[in-house]
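Convention: sequence-line order gives letters A, B, ...; per-chain numbering from 1. Just so we're clear, the structure is a prediction, and the values are computed from it rather than from any experiment.
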2 protein chains.
Amino acid sequence: MEGRMTSGTFSKPAARRDGPAAFSPLYRQIRDLLVQALDQGEWKPGESIPSEIDLAARFQVSQGTVRKAIDELAAEHILIRRQGKGTFVATHQEALVRFRFLRLVSQGGELVPGHSEILACRKVRASAEMARELGLHPGDGLVYIRRLLSFKGKPTVVDDIYLPASLFKGLNLQILKENEGPLYWLFEARFGVSMVRADEKIRAVAACTEIGQLLGVESGHPVLRVDRVSYTYGDRAVELRYGHYVTEEYYYRNALI
Amino acid sequence: MEGRMTSGTFSKPAARRDGPAAFSPLYRQIRDLLVQALDQGEWKPGESIPSEIDLAARFQVSQGTVRKAIDELAAEHILIRRQGKGTFVATHQEALVRFRFLRLVSQGGELVPGHSEILACRKVRASAEMARELGLHPGDGLVYIRRLLSFKGKPTVVDDIYLPASLFKGLNLQILKENEGPLYWLFEARFGVSMVRADEKIRAVAACTEIGQLLGVESGHPVLRVDRVSYTYGDRAVELRYGHYVTEEYYYRNALI
DNA sequence: TAGTGGTCTAGACCACGGA
DNA sequence: CCGTGGTCTAGACCACTAG
């Protein structure tokens, strides 16, 4: 009963005078094991993971410790708890997840679903900077995608997307055109790459003629430029996305908390 | 409400009884009581609140329940836990808090402290829309502030700020000019109004001549337009802020999580 | 050494969803 | 009805900070 998996088994007794703090509580180790299992596809987006009691048995810890591990993953929106039903792997099919990654809302504040049109898809080679951001080598293969997002028929966003070809083998124009629903859903369902978080850099720039034509505005018109790096389970960058947003009828919404 | 208290396993079921009808677990009621105490100024920004054990005694619940209440407030960055020291009320003096409300970073990604210059301060009357957003009546008194933020000597942000005059009695140009440090620090230290969260709407617009002159760019130059509504403890809107950002050397950074 | 928050456990019971 | 997550308690011990 007692002696089982007390904190001594996992945690490090003192005796570290200057090394980087090596102490990691049990629940965080469990959290990392869960992420690892997710990364390996043990449970897929939309599926349920085992119950807290089962996981507690599997990892030989108390239910409370498993709970705290899941709490963290739920706070990161990697897992979703549903009382009475179970705990599920988040999927970009759900509106709540989608709108975390597409912040455009109409003047009134409604979250408007958009229509996506694929304009291009081809293989390119990574520049030095792209390689650095994706943890690849310059010249490595990338899949380039250009797509136009429209809201209520109005062209609003042009995205230029770059993906590591090694992770998205076989991705081509036909697959993209056949796809219905969010791109990230295609990525997770067909290629096993789940986008979990992203960092964005936002600027105001003047539209070039090419972008202007696609968005139906004059060249020089102010547009939002949104540079995104997206990450999957292990904090691994797996997408670069350069977006141009027309913000006359929709705006980028952000909550500061 | 009553069902909440009848959860007979509690050794002290008679402890809490509060009125607001909706069902909410004990720890959330404790959370709300803590927010209420903060709102009434029982503990001021930068100060420590009582220990978990003391609070547990005060509210007649277990330490674990208090912990969970504090956990929520810490997640909202309203409280800050420091192991071995105590739990403290967040203050805008801290860099971590400031940078949650000022998202501009340099190209390299460093968080650069800026220099603030007050350009104007006067009393105005609330328009219908402003009144609606602040929960006031049209015509109610507001304090209007224009300030210029510069980074490394370069003018970068013009903010037009509107505050309910009733909450900021006596705020004038002199007080603003004497103030050193963040505006929000002045607000919380001198007027007892703590900004806890905010919503922002972001667009790309062309600079008008007036804004262009202040920011040192041509009229028509693309700038970020950031409309902010800020909230204090009870989710009460207490500030409108319309910002224009030049984004050539600095950009707005956002984390999608 | 004393006091704080942080971790972990064990057990009881509540709320919810579905068979 | 059962199984799920959600709440609450009680107690032991660990990690950190300060005097």
Rounded to whole Å, the CD1-P distance (Ile30(B) to dT7(D)) equals 14 Å
Asp199(B) side chain vs Lys201(B) backbone, donor-acceptor pair below 3.5 Å: no
What contact category does Arg67(A) fall into here, base, sugar-phosphate, or nothing, at under 4.0 angstrom with non-hydrogen atoms? base
Taken to the nearest whole Å, CD1/Ile53(B) to C1'/dT9(D) is 14 Å
First of Gln83(A) and Gly64(A) reached from the 5' end of DNA chain C, by closest nucleotide: Gly64(A)
Calculate the interatomic distance between Arg82(B) atom CZ and dC16(D) atom P; express it in whole Å. 16 Å
Measure the distance from NZ on Lys85(B) to C1' on dG19(D) and round it to the nearest whole Å. 13 Å
Please report the distance, rounded to the nearest Å, between CG in Asp71(A) and C1' in dC8(C). 14 Å
Checking dT9(C), dG6(C), dT7(D) against the side chain of Leu26(A) (C-beta onward), the nearest is dT9(C)
Is a salt bridge present between Glu72(B) and Arg28(B), judged by a nitrogen-to-oxygen distance below 4.0 Å? yes
Quick one: which of dG5(D), dG5(C), dT7(C) gets closest to the side chain of Thr87(B)? dG5(C)
Between Glu52(B) and Arg81(B) (salt bridge meaning N to carboxylate O under 4.0 Å), is one present in this structure? yes
Taken to the nearest whole Å, CD1/Ile49(B) to C1'/dT4(C) is 12 Å
Carboxylate-amine/guanidinium contact Glu42(A) Arg58(A), below 4.0 Å: yes
Proximal nucleotide (of dG6(C), dC8(D), dT7(C)) relative to the Pro25(A) side chain: dT7(C)
Just the rounded figure in Å: distance from C1' of dT7(C) to CZ of Arg31(A). 17 Å
Report the base-pairing partner of dC13(D) (Watson-Crick or G-U wobble, both distances below 3.5 angstrom), or none. dG6(C)
In the structure I gave you, are the side-chain heavy atoms of Arg31(B) and Glu76(B) within less than 4.5 Å of one another anywhere? yes
Answer yes or no: does a side-chain N or O of Ser62(A) lie under 4.0 Å from OP1 or OP2 of dC8(C)? no
In whole angstroms, how far is the P atom of dT4(D) from the CG atom of Asp54(A)? 6 Å
Choose from dT9(C), dT7(C), dT9(D) the nucleotide whose nearest atom is closest to any side-chain atom of Thr65(B). dT9(D)
